[in-house]
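Treat the numbers as computed from the prediction; the structure is a model and nothing was measured. Reminder, nothing fancy here: chain letters follow the sequence lines and each chain counts from 1.
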Amino acid sequence: MSRRQSISLLKNLGSRIQTRSVTYMPRPGDGKPRPVTLIPGDGIGPLVTKAVEQVMEAMHAPVYFEPFDVHGDMKSLPEGLLESIKKNKVCLKGGLKTPVGGGVSSLNVNLRKELDLFASLVNCFNLPGLPTRHENVDIVVIRENTEGEYAGLEHEVVPGVVESLKVITKFCSERIAKYAFEYAYLNNRKKVTAVHKANIMKLADGLFLESCQEVAKKYPSIAYNEMIVDNCCMQLVARPEQFDVMVTPNLYGNLIANTAAGIAGGTGVMPGGNVGAEHAVFEQGASAGNVGKATAEEQKNANPVALLLSSAMMLRHLQFPSFADRLETAVKRVISEGKCRTEDLGGKSTTQEVVDAVIANLD
Amino acid sequence: MARRSGSILNRLLSNPNPSSPFTLPTRSITYMPRPGDGAPRTVTLIPGDGIGPLVTGAVEQVMEAMHAPVHFERYEVLGHMRKVPEEVIESVKRNKVCLKGGLATPVGGGVSSLNMQLRKELDIFASLVNCINVPGLATRHENVDIVVIRENTEGEYAGLEHEVFPGVVESLKVITKFCSERIARYAFEYAYLNNRKKVTAVHKANIMKLADGLFLESCREVAKSYPGITYNEIIVDNCCMQLVAKPEQFDVMVTPNLYGNLVANTAAGIAGGTGVMPGGNVGAEHAIFEQGASAGNVGNDKIVEQKKANPVALLLSSAMMLRHLRFPTFADRLETAVKQVIQEGKFRTKDLGGDCTTQEVVDAVIKALE
């Protein structure tokens, strides 16, 4: 690292923003540029993915993007997209809006199923400088991504009566539980909470709980508890500091992740990703289908922070930790200073202004 | 009424913000009863498990202190029973109204939820929770006044599950036009009768297109019959976030079973906790009143031992019950007393940040009754 960087780093050590003074020793050849599939998506998607591209260029990060044009109302994923992701192993995505009503199934869900991205992870935490009604929030919601209520298996039995199937399997429940505990172990987290409604859905959520309980036995140093989902919603808004890592089936995870993102500052700032055994797709933490209102698109004041922090997660996933650190530091500094904020955070800046501020703050 | 008017006027004059909708409501109307309206009504009482008996005891005491024309037929039902005893169902069918503490549904196999069973047997299809900021009780969210109307009989909580083969379980979520239509009709009717401006349907029809799509269609059809009420729809995950970010945008919310459970609990949480929100379940012929959200949450053992459960939710629900039984003056007196106690802030149980026992709160309420 250059002297100039070290000096500004030392200056920052005095400030609240966390900076690492570690030098990462790479292996020869680690600096080779990695290709990443890029899906701008609908609505505010292209705006925020462009923000990421600009910041990556400014940092000279060893990443280059292969963009693909996908829209939420397409009937299926375009050709070449899946091959590209399977080759690159990593994808960055704006939002894909799933139309309400019949005809087109969700491409977000499709992508996750085809690539078997079984875990969705959202990290909801208070950002310094961003006032919220809740303090001390630091929750990671790990949600099963492939089965459960969102499997899309529904049919009309007779006109006016619809049945929708929620399928829970031991296989999927076990692997999401294993992932959650492994995550907690690797990230020095103290507690895992399983969220369920097994008093009513005894067999389905009961199976989920059994799997969690079995895996918990293998991690005796991590506290494990269970909470019924309706009580959990209330506890989230009353005392969020009691939660650490939460592992949930598909639907509860969707709602809990959004609630937790909301209390910590909004879905415009929370990073997240979807990961499977072989592939990973990074997108804004919660509400992947929420591509903003038309006004946000026109006025170009969508919030790029969530996707920028997710791309920092992506850089770590690609084993480029110092770039990830620089990016996160710059973004957090911009938020903490409070001068450039988009509308959802109470400011009036455009996406471009926030991006410029982040680039200016990169060392 | 003369003595009461004096203190009512006193309160009106001393209130700093008489135009707020949440001034302690005092009515200077006299309700003109029909002859025979004062005949005592019988209400089935189910104390339940855990803190249930404690809080229903509170209600009984307050009713007696008010000399309300209500008397209770108590029945012992516990959450781990296999089914609700026949005589209880008969009693509710006869009395038409029931007041219930909580019934804890055990996690795990064997026993199905008695809360659900009661609702299905009596076809009590609408669950209503009124989540509103109580003056004097500080919360992180202001301007919360949300009524969550939730379909009570079908959807995800129908309990239809089976193990296809070991390790794979299927759970059925059934949505019918019949049930969706009647809950939508109930919600709009409620909004109309209570001067509410907006009804929001909560759904996930982008993913569950047929099931929630059917629910939405029914809501839209009913909305056409009420042009004076604004209708909009919101996807449930966005709704959860909006609830914690900007709760003032919501007025009446109509939802299917599971989303309603979670949205009601979240809304209760932001407005002050499930210990204070009143609610009830109503069907075409019967009504059951219980604490607003989390009917299955009967507190932990410590609260039962120390007798520190919060009786406010059930007291406010019993005020709703008194209105349902057409005893509005008693309902007004009870609500006024409870709200005064909360506002003064001297007697609060642990969930509201105080340290009182249930009995102390009840005594305070009785004293505040005129």
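Interface summary for chain A: among B:C239, B:G167, B:G155, B:G213, the most heavy-atom pairs under 4.5 angstrom belong to B:G167. Counting heavy-atom pairs under 4.5 Å between each of A:L203, A:I228, A:I256, A:I263 and chain B puts A:L203 at the top. By number of non-hydrogen pairs under 4.5 angstrom with chain B, the leading residue of A:T132, A:V229, A:D344, A:I168 is A:I168.
A heavy-atom distance below 4.5 Å is found between the side chains of A:V161 and B:V174. Using a 4.5 Å heavy-atom threshold, the side chains of A:L165 and B:L172 count as touching.
Using a 4.5 Å cut-off between heavy atoms, A:L236 does not touch chain B at all. Looking at B:L216, the atoms closer than 4.5 Å to chain A (heavy atoms on both sides) all sit in the side chain, from C-beta outward. Looking at A:L251, only its side chain comes within 4.5 Å of chain B, counting heavy atoms on both sides. Only the side chain of A:H196 comes within contact range of chain B, judged by heavy atoms closer than 4.5 Å. For chain B, the nearby part of A:V109 is the side chain; its heavy atoms alone come within less than 4.5 Å. Contacts between A:L207 and chain B at a heavy-atom distance below 4.5 Å involve the side chain alone, from C-beta outward.
Of all the heavy atoms in B:S171 and A:M201, the pair that sits closest is OG-SD, 3.9 Å. Looking at every heavy atom in both residues, B:G269 comes nearest to A:M234 through CA-CG, 3.3 Å.
The interface of residues 137-148 of chain B with chain A, defined by heavy-atom distances below 4.5 Å, comprises B:R140, B:H141.
Annotation: A:K170, atom NZ; neighbour count of heavy atoms from other residues, nucleotides and ligands within 6.0 Å is above 12. Residue-environment remark: CD (A:E174) exceeds the threshold of 12 foreign heavy atoms within 6.0 Å.
Residue pairs meeting the salt bridge (Lys or Arg N to Asp or Glu O under 4.0 Å) criterion with at least one partner in residues 161-173 of chain B, sequence neighbours excluded, are B:E156-B:K173, B:K173-B:D212.
To the nearest 0.5 Å, atoms CD1 (B:I235) and CG (A:L255) are separated by 11.5 Å. Here OG1 of B:T274 is found 7.0 Å from CG of A:N231. Values are rounded to the nearest 0.5 Å.
Residue A:D230 is tested with B:T266, B:L262, B:V263 for a side chain to side chain contact (heavy atoms under 4.5 Å, CB included); the sole match is B:L262.
For the 3.5 Å distance criterion, the side chains of A:N254 and B:K204 qualify, holding a donor opposite an acceptor.
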